[in-house]
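These notes are about the structure you will find just below.
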Amino acid sequence: MKGCKIEWVAELARIRGMDSKSWNPVIGCSRASEGCRNCYAAATVDRFARKDGTGAYAGLTERDGDGVPRFNGKIDFSEARLMEPLKWRKPAVVFVGDMADLFHPNVTDEMLDRIFAVMALRPDCLFLVLTKRPERMREYLVKQCKAHNIADCAGNISGQRLSFKLDGFPLPNVWFGVTAESQVAADERVPHLLATPAVRRFVSAEPMLGAINITPYIGHNAHHCRCGWHKTELDGSWFAGKFTCHKCGDACSTYDALDWVICGGESGPNARPMHPDWARSLRDQCAAAGAKFFFKPWGEWTPHTPVAGGDLGGDVRAGRVQIVHQTGQSDVEISIATGGRSTIPGSRYMARVGKKAAGRLLDGIEHNEVPT
Ligand code: SF4
């Protein structure tokens, strides 16, 4: 078990005075969308498997046409890893499954019951679950029987079947998030997240591959009726649905909004650059709606200002500088033909400097907001 290096997990742990950890009861996955193309977890598992060909990591990855490791859909579920949180002496903020997607179709409901049971048995820990498959997450968690299944599993695990009771459902110590690398991904995934029983919900726009209008999904009570009756009666409720308010007659819904937006760029040898305006826009939308905003590292690429007398054309040809448009497409051919200059308004130069040098400053400021 290692400390979790993910910046927003570490920041939550720091603020709460807790350890930060990653927990992987399940290892393995398969690609869900464009954001998976350079999956860090697949590369890590592939590397471990090459070192130790017979362990938990073996047989879970393959290479695609250009040699990039990818998960092949096989899953390794380990009882020993499942039980790890029950042995921790100190409470922790825990990222669940940094080498998997918990709601991958090959992770069975029975596995999920046991995983959530372990989380229920550590109410002093805060578990963060991030998925690209929120439809299944929603389906799993809205099944009314799930609270009972989880309670039964927790009772079986702890040996206190009769006396164990869940604190509440949704579990108060589990926050749920979706990855949304683009507007399409956000529009597909966030509605499922908002309809999932949860005490806190977040979006991770990483690697950010396009501009995202997140405003429809942030801002508490944005969907409540004029008279506020639903707000009064249902705030804090997990239930999501559409109603006609029987007091004021408004069509309204009880969707809770996002609490937290995280964004960042891509790392690794094949990393794609992010347009700075995409991150600025998320920052500004969160500020306007009162949602928390956390800026992760830029990734491999950072904003670049060409210097007079420099060799911009050479930098572009050598792949040290790329031009990113608002739409996300890079016009390397055009820019080489024009000596490095972009012909498209709103495009920005990004230079490949490496993750460490790129850092985490957005317009000179580190954004570290987390929900309380
Ligand atoms: S869902 Fe996550 S773990 Fe699975 S392939 Fe995509 S990026 Fe990797």
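Read the numbers this way: they start at 1 and go in the same order the structure lists the ligands and their atoms. Throughout, numbering of the chain's residues begins at 1 and tracks the sequence.
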Minimum-distance protein heavy atom relative to atom 8 (Fe) of ligand 1: Cys39 SG, 2.3 Å

Arg136/Asp101 ion pair, N-O < 4.0 Å: no

Region of Ala42 engaging ligand 1 - heavy atom pairs below 4.0 Å: neither

Distance-only polar pair, side chains of Asn368 and Arg360, donor-acceptor under 3.5 Å: yes

Flag, side chain of Asn38 to backbone of Asn270, donor-acceptor distance under 3.5 Å: yes

Atoms of ligand 1 close to Lys132 [distance to a heavy atom under 4.0 angstrom, numbered from 1]: 1 (S), 2 (Fe), 6 (Fe), 7 (S)

side-chain contact (heavy atoms from CB on, under 4.5 Å) assessment of Leu258 paired with Leu194: CA-CA 7 Å; Leu258 292 174; Leu194 296 183; 4.0 Å; yes

Pair Ser33, Glu181: side-chain N/O donor-acceptor within cut-off below 3.5 Å: yes

Ligand 1 atoms in contact with Ser30 (distance to a heavy atom under 4.0 Å): 4 (Fe), 5 (S)

Residue portion contacting ligand 1 (non-hydrogen atoms closer than 4.0 Å) for Met99: neither

Closest protein heavy atom (residue, atom, distance) for atom 6 (Fe) of ligand 1: Cys36 SG, 2.3 Å

Under 2.8 Å: N/O/S of Cys29 next to atom 4 (Fe) of ligand 1: yes

Numbered atoms and elements of ligand 1 in range of Arg133, under 4.0 angstrom, heavy atoms: 1 (S)

Side-chain donor/acceptor of Asn24 to backbone N/O of Ala100, under 3.5 Å: no

